[in-house]
Amino acid sequence: LVEHAPEGILVVNVETRSLVDANRNACRMFGMNRAELMHSSLTELSAPVQPDGKDAVTSAQEHIREALAGGTPVFRWLHIGRDKREFPCEVRLVRLQSTEGPLIRASITDISERIRSEERQARLMRELDHRVKNNLATVISLVEQSAANTTSGEDLRASLAGRIHSIAIVHSALARSHWSGMQFRDLCLMTLGPYNLAGEAQRIGIQGPAWHLPADACASLCMVLHELATNAVKYGALSAQNGRVQLTWTSDRDCIQILWQETQGPPVKEPQSTGYGIRLIEGMIEHEFDGTAEIAYPRDGVLVRITIPRDSAQREANAA
């Protein structure tokens with residue numbers, strides 16, 4: 001049973017501080033044959049400093065005293081294999097009845113994968129916490145700014161619903177991809193899809209090279225695209241039956257440029273004041289990406305040119 005046990009098993013003579021037995025799994029863990037393992041000292045098999053912060057000798061003595069007193073201590077331990085690589089283990093000590101002196105059996109389980117899983121889980125929880133805080137902060141800002149820039153409850157409801165919905169659809173898509181980000185083209189199709197059809201005609205053209213966005217950047221650019229489309233539906237090209245929008249982007253070694261060009265809509269007049277939607281676009285690009293958003297109002301259609309430095313386009317926005 002000991003030889004075929006799923007964990008590694010070592011038997012230690014407490015008086016001589018030497019190993020007197022080891023099973024096959026213990027040999028496999030340490031990367032040694034039985035003879036090599038029997039001739040190794042306990043110090044050679046243990047990291048100098050253990051997970052409890054104590055040196056290996058002091059910590060081992062405490063656990064052994066507990067086992068000799070009849071206890072069954074279970075603790076984490078850092079062992080060292082033949083290749084000098086440290087690997088974390090869970091160890092359980094039991095005193096053995098013997099006429100050969102005080103013997104302790106150590107049952108050893110390699111918990112490297114368990115710890116990696118715990119670290120992944122902790123990392124995911126920290127990332128989730130970070131993203132939830134960011135989303136809540138964004139929603140609070142949207143509520144405050146939308147309320148300050150609308151005059152009726154219905155307008156406030158409509159503007160908030162659209163903006164929050166744009167965040168929600170991107171959040172769902174990113175969750176399905178385990179927060180690995182997405183291609184900008186996919187983000188455009190997802191965000192602009194509801195505005196793109198008029199009967200059988202495509203109203204929004206989308207064209208540009210492959211550009212993979214990190215997760216936080218997706219949410220920010222989705223908000224920008226939503227505002228551009230909303231303004232086009234209310235006042236611009238998408239408010240007219242034959243109106244069109246061409247969305248293109250180009251990339252070079254220094255920056256990425258996004259161009260939003262509206263055509264065949266009603267004649268454009270430059271607004272007397274800057275609305276919240278335009279301020280949101282400019283603020284998002286400036287604060288999240290250190291970029292610029294230039295908005296022009298030629299008579300034949302609104303033109304928006306967004307410039308994002310390449311290093312900002314490839315890092316996580318809001319990385320705190």
Side-chain angles (χ1 to χ4, degrees), residues 1-130 175 177-181 214-215 316 319:
L1 288 175
V2 170
E3 184 63 19
H4 295 281
E7 69 270 24
I9 293 179
L10 298 177
V11 178
V12 182
N13 186 309
V14 177
E15 287 184 350
T16 62
R17 298 179 182 274
S18 60
L19 295 173
V20 297
D21 198 8
N23 71 350
R24 289 191 304 181
N25 266 335
C27 296
R28 179 186 55 80
M29 283 183 183
F30 290 97
M32 304 179 188
N33 59 41
R34 195 182 303 268
E36 291 172 327
L37 193 53
M38 291 298 96
H39 284 89
S40 300
S41 69
L42 296 177
T43 302
E44 292 173 335
L45 301 178
S46 302
V49 179
Q50 289 300 317
D52 59 6
K54 300 176 183 177
D55 66 88
V57 174
T58 300
S59 187
Q61 288 174 342
E62 293 176 356
H63 295 309
I64 288 172
R65 280 197 297 269
E66 182 180 352
L68 290 175
T72 55
V74 178
F75 50 92
R76 287 193 174 185
W77 195 261
L78 278 178
H79 279 297
I80 298 178
R82 184 174 192 170
D83 58 3
K84 306 303 180 185
R85 178 185 61 87
E86 294 182 358
F87 57 98
C89 297
E90 184 175 85
V91 179
R92 181 175 183 271
L93 300 185
V94 175
R95 180 176 181 175
L96 299 180
Q97 298 295 328
S98 173
T99 58
E100 301 176 5
L103 301 182
I104 295 291
R105 184 183 68 210
S107 299
I108 305 168
T109 302
D110 188 336
I111 58 172
S112 300
E113 184 54 41
R114 185 201 305 176
I115 289 179
R116 283 193 291 270
S117 177
E118 291 172 355
E119 290 173 347
R120 285 194 297 270
Q121 185 71 16
R123 186 169 59 252
L124 286 173
M125 292 303 295
R126 289 194 299 270
E127 186 173 348
L128 177 62
D129 179 64
H130 169 71
S177 69
H178 304 287
W179 298 93
S180 61
E316 286 281 337

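Every heavy atom of this structure was used, including side-chain atoms; hydrogens, water molecules and symmetry mates were not.
Distance CG/N23 to CD1/I9: 5.0 Å, rounded to 0.5 Å. Separating the CE atom in M32 from the CG atom in D83 is a distance of 9.0 Å, to the nearest 0.5 Å. A distance of 8.0 Å separates CG of L10 from CG of L42, quoted to the nearest 0.5 Å.
You'll find the side chain of M29 reaches within 4.5 Å of the side chain of F87, heavy atoms only. Considering only heavy atoms from C-beta on, S41 stays 4.5 Å or farther from R17 through its side chain. Side chains of L93 and V12 form no contact here, defined as non-hydrogen atoms less than 4.5 Å apart. Looking at heavy atoms from C-beta onward, I80 lies out of side-chain contact with L45 at the 4.5 angstrom threshold. No side-chain heavy atom of I108 sits less than 4.5 Å from a side-chain heavy atom of E7. E62 has its side chain within reach of K54: a pair of non-hydrogen atoms, C-beta onward, lies under 4.5 Å apart.
What you find for D110 and C89 is that their closest heavy atoms are CA-SG, 4.1 Å. The nearest pair of heavy atoms linking L78 to Q50 is N-OE1, 2.6 Å. Of all heavy-atom pairs spanning V91 and A106, the tightest one is CG1-CB, 4.1 Å. Contact detail for S46 and A56: the closest heavy-atom pair is CB-CB, 4.2 Å. Closest approach of C27 and N33 over heavy atoms only: SG-C, 4.0 Å.
Checked by atom type and distance alone, the side chain of R95 pairs as donor or acceptor with a backbone atom of L68 at under 3.5 Å. Side chain of N25 to backbone of T109: no donor-acceptor contact under 3.5 angstrom is found. Not a single donor-acceptor pair under 3.5 Å links the side chain of D21 to the backbone N or O of V11.
Within 6.0 Å of the CD atom in Q121, the count of heavy atoms belonging to other residues, nucleotides or ligands does not exceed 12.
Below 30°, between 30° and 60°, or above 60°: for W77 and H79 the angle between ring planes is between 30° and 60°, a tilted geometry.
Classification of E113 and R116 as a salt-bridged pair holds, one side-chain N sitting under 4.0 Å from a carboxylate O.
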Verdict with supporting geometry, R76 and I115, side chain to side chain contact (heavy atoms under 4.5 Å, CB included): CA-CA 11 Å; R76 287 193 174 185; I115 289 179; 3.9 Å; yes
